[in-house]
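Here the structure is laid out as structure tokens; the discussion comes afterwards.
Quick note on labels: first sequence line is chain A, next is B, and so on, each numbered from 1.
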Number of protein chains: 2
Amino acid sequence: MNRQSETSDEWIYDQVFSAVLEQRLIPGAKLKESELCSVFGVSRTIIRRILLRLSLDKVVELRPNKGAVIATPAAEDVRQIFAARRLLEIGIIDDACEHCTSEDVAALKEIVNRENTAIQTGNRSGAIRLAGEFHVELARVARNRPIQELLRQLVAQSSLALALYEAPGHLLCVDEDHINIVEAVSAGDAAKSRDLMARHLEKAEAEMKLEAPVDSNDLKSVFADVIEARANA
Amino acid sequence: MNRQSETSDEWIYDQVFSAVLEQRLIPGAKLKESELCSVFGVSRTIIRRILLRLSLDKVVELRPNKGAVIATPAAEDVRQIFAARRLLEIGIIDDACEHCTSEDVAALKEIVNRENTAIQTGNRSGAIRLAGEFHVELARVARNRPIQELLRQLVAQSSLALALYEAPGHLLCVDEDHINIVEAVSAGDAAKSRDLMARHLEKAEAEMKLEAPVDSNDLKSVFADVIEARANA
DNA sequence: TGTATCATTTTCGTATACAATTTTATTTAA
DNA sequence: TTAAATAAAATTGTATACGAAAATGATACA
């Protein structure tokens, strides 16, 4: 049976990737091949290929002979993730301002609107997902695919980081940052856009407690190091 | 037979990746699975996994039902590749200056020395490869893995771009740029380093003729668009 | 001679078989 | 009862089988 590989593959990949973005899959979650097989109705060949792709995205960790788990980025990883995001997202602002068309503005506003709706309706998954989408869309507007691709990965990794290190009691603050950035970019004001983006990213990183690492009410996170040690024993 | 997958996989991947870096594999070259199987003595399962990884690096193009070929980046791709490189490599200079240890300086100088030796002995493959290695090493010195990884891919893609668009008669000019950058970085002079890097990258991109695209004496490149059109027919 | 159609061979895509490793369960001894 | 040892089950890693698609070559016909 030669399936329409391209499509089916992409669909399954997106399903898992989305689950990570929406934090329905959290760090440490085990991804058994046979389970994924029955869920998606394909053979292990396909599932294995998708797990490999996700592992190259640093969203899944492939432990030889021990199966795949959702990745658990260390504090240092998270610092590098955000350092990279600052570099990329501030760096592309010039190009975003330069190339931004009216269609681009519409697309950006559409995302921000849906994001705000999600926030107001208490749809946390949707809000997280759309917030990430916004940042990736901005890279698309800047017309730079390599950077867009990396940002897509970094946004997903940020979602994992947030699940691990988010300061308690934060939860869905309504945020004017995104819409302000859209306005500045569509006005072609690169300096202002850069400044807004810089502060926005700082804010995001500040919401995490990278020193006192763990999320209190999730045993998997609390004992992540123990699990890691035992897993490698 | 459960092979020591990790190692064997990595080795084969590196072999192919290196061949691209050294331009022993040029854009359009066909990678038949069965041939790779016999060359490396593994089954198609392994080869297929490696081809997938290389395709995610944008070094190989996977054409459904038509096999894998070494990628042929379009002129617009190359512009984005170099735009991304400028952004990344200039952007990491601050961190490189900040984190650069004496071991790092030694490692950088070692690469530059080997590069110059390669140039002087007419070892074109080695020179291209080491030039790329230098840029990736600088990202390592900056202590940012995500960016280092992307740069590794972009350097390989640059090698393909060079094979396609290099201005004729260029060939291995001895270059003081790299050693100057090492000096500036190890002295902690970020401003100077940035300036040197910016001009170095501009020079590299200027060596290519992205408007009059093709490499004259390679039919595969000359008729790349025709091939592409027919392949998709 | 050149072109179109058909058969043959090659190559690719997925599922599956089987070996090796890890995990879990059970038994046994202290 | 706990802990170690062993057996059973589950899971992963690689090779291979087989169907589908594409490339190649042969034949018929204008």
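Cation-pi contact between A/Arg49 and A/Tyr13: absent, since separation from the ring centre below 6.0 Å together with deviation from the ring axis within 45° is not met.
One interatomic measurement links the two molecules: CG of A/Leu31 to P of D/dT12, which rounds to 10 Å at whole-angstrom precision. In this structure, CG of A/Leu62 is placed 10 Å from C1' of D/dT12, rounded to the nearest angstrom. Rounded to an integer number of Å, the gap from B/Asn65 CG to D/dA20 P is 12 Å. Distance, A/Lys32 NZ to C/dT22 P: 17 Å, rounded to whole Å. One atom, CZ of A/Arg63, and another, C1' of C/dT21, lie 13 Å apart when rounded to the nearest Å. Rounded to a whole Å, the CZ atom of B/Arg44 is 11 Å from the C1' atom of D/dA17.
Sorted pairs that involve residues 64-91 of chain B and meet ring pair (Phe, Tyr, Trp, His ring centres under 6.0 Å), not counting sequence neighbours, are lacking altogether.
Under 4.0 angstrom from either OP1 or OP2 of D/dT14 there lies at least one side-chain N or O belonging to B/Arg49. At C/dC12, one or more side-chain N or O atoms of B/Lys30 fall inside 4.0 Å of OP1 or OP2 (strictly under the cut-off).
The salt bridge (charged side-chain N to carboxylate O under 4.0 Å, His left out) check on B/Glu133 picks up B/Arg114, B/Arg129, with sequence neighbours excluded. Judged as a side-chain hydrogen bond (donor to acceptor under 3.5 Å, both in side chains), and not counting sequence neighbours, the contacts of A/Gln23 are A/Arg124. For A/Arg143, the salt bridge (charged side-chain N to carboxylate O under 4.0 Å, His left out) test picks out A/Asp104, with sequence neighbours left out. A/Glu115 pairs by the side-chain hydrogen bond (donor to acceptor under 3.5 Å, both in side chains) definition with A/His178, not counting sequence neighbours.
Place B/Glu33 and B/Thr45 on DNA chain C by their nearest nucleotides, and B/Glu33 ends up nearer the 5' end.
Taking every side-chain heavy atom of B/Val42 into account, D/dA15 is the closest of C/dA15, D/dA15, D/dA17. If you check D/dA15, C/dT16, D/dT11 against the side chain of A/Ser43, the one that comes closest is C/dT16.
With no hydrogens or angles considered, a side-chain donor-acceptor pair links B/Asp57 and B/Gln153 at under 3.5 Å.
Within residues 50-59 of chain B, no residue has any heavy atom under 4.0 Å from DNA chain C.
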